[in-house]
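Note that the coordinates shown come from a computational prediction; the quantities given were computed from them, not determined experimentally. In what follows, every chain begins at residue 1, and chains take the letters A, B, ... in the order their sequences are listed.
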2 protein chains.
Amino acid sequence: MVNYHSVPLDATFHALADPTRRAILMRLAKGPLLVGELAQPFDMSLPAVSKHLRVLSQAGLLAQEKSGRVRRCTLLAAPMRDAAQWIRHYRQFWEGQLDALDHFLRSTGPPMEPK
Amino acid sequence: MVNYHSVPLDATFHALADPTRRAILMRLAKGPLLVGELAQPFDMSLPAVSKHLRVLSQAGLLAQEKSGRVRRCTLLAAPMRDAAQWIRHYRQFWEGQLDALDHFLRSTGPPMEPK
DNA sequence: GTGATAGTTAACCATGTGGTTAAATATAAT
DNA sequence: ATTATATTTAACCACATGGTTAACTATCAC
């Protein structure tokens, strides 16, 4: 049972599963930011933010460019595009399953209905 | 404290971050399956599969319809559509950042450059 | 009834996660 | 050289995760 986030898609979805990390990505979507700027609005310590940045880096979603004692964080889009593609690839099937959902809801009925 | 009120997205992305769960979803995309049928191709115990199914259920991605001593699992698409929408919403920005990636790669040089 | 079948729950284990504070590192400013 | 600033690393904590085996529940078949 080694690093089960070694698969790129695993790492990408894992990175997206945390609201702090999604917020970081949302802010970086508007342009690169320094670590300190990135951390400022969050109510958590700098090391906590640093850990989130490491998760994002390991998922290939973030590049850090060191410039003096400052680190400029840049969003990298490619892995997220892969994630979107995975979802899109199955969307046709899911949409085919929407009728199955209706059937399921009808067959089980409201929670308190006598069986 | 920032509230991103995005707990469902957390659950959806977390569910997608595991290759076993993605494989389960991929198979369910072709139509409902019983738990046993679902578990058969995986090299892990039934309780392990059962746990994955519970994660998927809690993420709202799976419905289980009990019929006799058998449970029919049906994929529910809606949360996945929300996840895709989250990604799609930021795609325009990421694509704007592709040039920033090029700039980053040029400015930092090859990976093994001496520090 | 007895037994087989489908599946979950319980208890456990090793490791991962998300957070903390304190110390370390590196660079800039004086 | 000293000090302040930006950021990471280390050590720690409580809890979650992904897996196991064993025991339990529920249903079907005889």
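Distance CZ (F42(B)) to C1' (dT20(D)): 18 Å, rounded to an integer number of Å. E65(A) places its CD atom 13 Å from the P atom of dT7(D), with the value rounded to the nearest Å. Taking atom CZ of residue F13(B) and atom P of nucleotide dT17(C), one finds them 17 Å apart after rounding to whole Å. Straight-line distance from the CD atom of Q40(A) to the P atom of dA6(D): 12 Å, rounded to whole Å. Between Q58(A) atom CD and dG16(C) atom P the separation is 11 Å, expressed in whole Å. Protein atom CG of D18(A) is 15 Å distant from nucleotide atom C1' of dT17(D), rounded to whole Å. A straight line from CG of D43(B) to P of dG18(D) spans 17 Å, rounded to a whole angstrom.
Comparing G68(A) and A17(A), the nucleotide of DNA chain C nearest to each residue sits closer to the 5' end for A17(A).
Side-chain N or O atoms of R72(A) include none that pairs as donor or acceptor with a backbone N or O of S67(A) at under 3.5 Å.
Contact between the side-chain N/O atoms of S45(A) and the OP1/OP2 oxygens of dT20(C) is found at a separation under 4.0 Å. At dT17(C), none of the side-chain N or O atoms of H52(A) fall inside 4.0 Å of OP1 or OP2 (strictly under the cut-off). Between H14(A) and dT17(C) there is a side-chain polar atom (N or O) within less than 4.0 angstrom of OP1 or OP2.
The heavy-atom pair separating P79(B) from L76(B) by the smallest distance is CD-O, 3.7 Å.
Linking Ile, Leu, Val, Met, Phe, Trp and Tyr residues whenever their side-chain heavy atoms come within less than 4.5 Å leaves L38(A) and L34(A) in two separate clusters. Linking Ile, Leu, Val, Met, Phe, Trp and Tyr whenever their side-chain heavy atoms come within less than 4.5 Å puts W86(B) and L25(B) in one cluster.
Closest approach to the K66(B) side chain among dT20(C), dA26(D), dT20(D) is made by dA26(D) (side chain taken as heavy atoms from C-beta onward). Residue M44(B) has its side chain nearest to dT20(D) when only dT20(C), dT20(D), dG18(D) are considered.
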Revision key, fill the gap. Letter by letter from the 5' end, nucleotides 1-11 of chain C scores (B base, S sugar-phosphate only, - none; protein heavy atoms under 4.0 Å) ---BBSBBB--
Exercise answer: donor-acceptor pairs, residues 40-63 of chain B side-chain atoms, under 3.5 Å, sequence neighbours excluded:
unit_1: S45(B); atom_1: OG; unit_2: A48(B); atom_2: N; d: 3.4
unit_1: H52(B); atom_1: ND1; unit_2: R21(B); atom_2: NH1; d: 3.2
unit_1: S57(B); atom_1: OG; unit_2: L53(B); atom_2: O; d: 3.0

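Rounding to the nearest 0.5 Å places CG of D82(B) at 13.5 Å from NE2 of H89(B). For the atom pair CD of Q85(B) and CD1 of I87(A), the computed distance is 11.0 Å after rounding to the nearest 0.5 Å.
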